[in-house]
Amino acid sequence: MAVVGDLALMGTKIKLTDKFEKRVFGVPLSSSTRFSFSHVKNLDVRKLRTAVRAVMQVEKIQSSGELKEGSLGFDVVSERELKENGFLGLRKTKLVCTIGPACSSIDELEKLAIAGMNVARLNMCHNSREWHQDVIRKIKKLNQEKGYCVSVMIDTEGNQIQVDHGSSSSVKAEEDSIWYFTTEKFEGSRPFTIQANYEGFSEGVNSGDEIVIDGGMATFEVIEKVGNGLRCKCTDPGLLLPRAKLSFWRDGKLLGRDYDLPTLSTKDWSDIVFGISEDIDFIAVSFVKDAEPITHLRDYLSTTSSKAIKVLAKIESLESLRRLEEIVEASDGIMIARGDLGVEIPLEQIPSVQKDITYVCRQLNKPVIVASQLLESMVEYPTPTRAEVADVSEVVRQYADALMLSGESAIGSYGMKALSVLRTTSTRMEQSCREESRQTLLHQRKLGASLPDQIAEQICHCAVEMADNLGVDAIFVYTRHGKMASLLSRNRPNPPIFAFTNDNSTQMALNLQWGVTPLLTDLSDDMEGNVKKTVELIKAKGMIKKDDAILVVSDIIPISTARTIFQSIQVMTIT
Ligand SMILES: Nc1ncnc2c1ncn2[C@@H]1O[C@H](COP(=O)(O)OP(=O)(O)O)[C@@H](O)[C@H]1O
Ligand SMILES: C=C(OP(=O)(O)O)C(=O)O
Ligand SMILES: [K+]
Ligand SMILES: [Mg+2]
């Protein structure tokens with residue numbers, strides 16, 4: 001490496017020698033950087049030093065992969081999808097993949113990234129810290145070196161009551177067989193004995209109550225309490241998996257149980273500290289009961305992390321449903337964790353509960369992920385069932401922001417195929433939603449209390465209406481913290497939203513937002529200049545052509561004239 005770019009300030013192309021570097025800069029530059037020096041007349045050392053430092057800064061950013069000059073921070077996958085499918089065909093629904101042993105090699109991770117994974121989820125219930133660290137670093141490496149834009153989410157283990165029969169394979173419970181649920185700790189397995197991981201698991205349980213395992217895999221009736229344990233009879237035979245979950249029922253009604261365990265355990269906190277140090281983008285909190293742990297975690301992050309890590313609350317218990325609105329309001333987004341939800345509430349309630357949660361999230365403008373068993377049969381088989389495809393389609397029709405794979409990608413043999421089923425199914429359903437103009441049915445609650453917030457909301461609402469009515473090709477938004485981009489996304493426009501931001505954490509957070517393609521670029525106070533520059537760059541890439549129409553929304557608060565906020569809508573036709 002020899003040339004230090006074109007130093008505009010000097011008005012002449014220069015190269016610097018190694019000797020010169022030591023004399024002028026006094027500090028050694030990177031060992032891989034060699035300078036040679038020529039063609040400079042009337043050298044002004046001070047100007048030169050400033051200019052070279054500026055160039056070096058650009059080089060540093062380029063080599064860290066954050067901002068490739070002239071590349072607009074476009075990730076390679078969106079760029080390819082855009083070139084192949086055009087603006088309207090750009091997928092809107094985001095895809096989250098759980099990373100497990102089946103996809104943790106760099107090659108497998110790259111295949112998932114190419115196939116459209118927007119967010120990689122690491123479930124901290126499983127595997128070691130070192131394993132997770134290795135995966136996170138591989139993803140960062142792929143982003144930096146190969147131009148992908150995959151965000152990283154950790155999902156906490158949480159305090160969950162589980163039962164285990166001690167053997168590594170599943171065990172059959174026969175009708176009328178008698179079983180003992182105990183909190184006694186022992187190694188290995190004992191016949192007809194199931195260990196519970198929490199002393200207080202049987203508190204408030206009476207004889208005659210029912211224990212339902214894993215949402216209906218098997219059912220037991222409590223015969224009597226023996227100390228902390230329960231002697232039970234199997235009334236509905238079935239399979240007991242290792243690490244099964246259980247719920248208690250009385251007179252056909254679920255017993256809501258508050259175990260008085262903190263939502264974030266000591267292990268969860270240490271996983272969070274680990275996550276911050278690994279520069280993750282999202283934390284999904286398991287078994288949230290109310291808004292308190294979410295608020296607490298967000299406060300903690302705001303004081304300890306330099307980057308804006310987003311906190312998602314997982315809705316997977318009866319308690320969380322009872323306090324849904326306060327939890328949604330307190331968090332940066334929601335995951336509908338249908339796996340555990342199906343253990344805690346009757347299965348037939350899941351579809352309507354999913355619809356209600358998705359609706360509340362739309363109202364409060366928080367991204368929502370629908371998770372678990374979307375394509376469960378694909379853990380084993382290379383094609384999904386028709387019912388699974390219908391389930392995925394319904395999620396897309398409800399305008400959820402993201403779909404999530406669990407075992408399908410973590411341990412299944414067909415993770416890539418499963419991801420491609422999600423991609424094609426969502427693209428197809430998005431198209432029919434556009435044809436039906438279903439988004440006009442979305443009713444939006446007014447959110448903002450302050451005038452600027454209300455203006456932003458109205459601007460985005462009108463902008464989307466205009467964009468759809470005019471049939472523009474794309475919406476461009478310039479945003480520092482992602483708020484305008486999310487307000488546009490909330491209205492589910494037909495054209496894609498390109499969100500230009502100068503903040504890497506905003507870019508990574510917007511990866512979960514429906515219809516938004518986040519792009520990292522530098523933004524100046526000069527809005528005209530920003531628009532001109534980004535349009536030129538996109539044009540140079542062949543992504544927009546003559547006569548394409550773009551709707552531009554901006555809210556930039558110029559640093560120089562603090563307090564003045566420019567919020568505007570412009571429609572421009574490419575000439
Ligand atoms: N990091 C991991 N290491 C090993 N196995 C994993 C990992 N993550 C997920 N899995 C496997 O994938 C399955 C599905 O993942 P997930 O739905 O996240 O977990 P769970 O089944 O515990 O709710 C898990 O049951 C587990 O067998
Ligand atoms: C996503 C879920 O959580 P986990 O996989 O951590 O149990 C779920 O329960 O659906
Ligand atoms: K978890
Ligand atoms: Mg769960």
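Every number for a ligand or one of its atoms is a count from 1 in the order of the listing.
- Residue H132 has at least one heavy-atom neighbour below 4.0 Å for each of these atoms of ligand 1: 1 (N).
- K307 has no carboxylate O lying under 4.0 Å from a charged side-chain N of D503, or vice versa, which leaves the two without a salt bridge.
- Under the ring pair (Phe, Tyr, Trp, His ring centres under 6.0 Å) criterion, Y300 pairs with W269, sequence neighbours left out.
- The K ion (ligand 3) has an N, O or S atom of D155 under 3.4 Å away, backbone or side chain.
- Side chain of E316 to main chain of D340: no donor-acceptor pair is present (N/O by atom type, distance under 3.5 Å, no hydrogens or angles).
- Formation of a donor-acceptor pair under 3.5 Å by the H165 side chain with backbone atoms of S167 is found in this model.
- Relative to the six-membered ring of Y399, R362 misses at least one condition, a distance below 6.0 Å or an angle of at most 45° to the axis.
- Remark: ligand 1 atoms within the under-4.0 Å shell around heavy atoms of R243 are 22 (O).
- Looking at S406, C103, G100, A371, it is S406 that brings a heavy atom closest to atom 17 (O) of ligand 1.
- Summary of contacts: the protein heavy atom closest to atom 27 (O) of ligand 1 is I411 CD1, 4.0 Å.
- Annotation: atom 3 (N) of ligand 1 to nearest protein heavy atom, N127 ND2, 2.8 Å.
- Remark: ligand 1 atoms within the under-4.0 Å shell around heavy atoms of I99 are 1 (N), 8 (N).
- Side-chain contact between D271 and T156 is absent, with no heavy-atom pair separated by less than 4.5 Å.
- For the K ion (ligand 3), the N/O/S atoms of M124 include none lying under 3.4 Å.
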### Q160 and S286: CA distance, side-chain angles, deciding distance, side chain to side chain donor-acceptor pair (under 3.5 Å) verdict
CA-CA 9 Å; Q160 195 180 6; S286 295; over 6 Å; no
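- Those atoms of ligand 1 with a heavy atom of T98 less than 4.0 angstrom away are 18 (O).
- Under the 4.0 angstrom criterion for non-hydrogen atoms, P101 is in contact with ligand 1.
- Rounded to 10°, the angle formed at the K ion (ligand 3) by OD1 of N123 and OG of S286 is 160°.
- Nearest protein neighbour of atom 23 (O) of ligand 1, counting heavy atoms only, is K245 NZ, 4.1 Å.
- Remark: of the listed residues L324, T358, I315, L321, L321 is the sole one forming a side-chain contact (heavy atoms from CB on, under 4.5 Å) with V353.
- For ligand 1, the polar-atom distance check against N123 finds a nitrogen or oxygen pair separated by under 3.5 Å.
- Protein heavy atom nearest atom 24 (C) of ligand 1, with residue, atom name and distance: H126 NE2, 3.5 Å.
- Looking only at protein heavy atoms, the nearest one to atom 1 (N) of ligand 1 is W131 CZ3, 3.1 Å.
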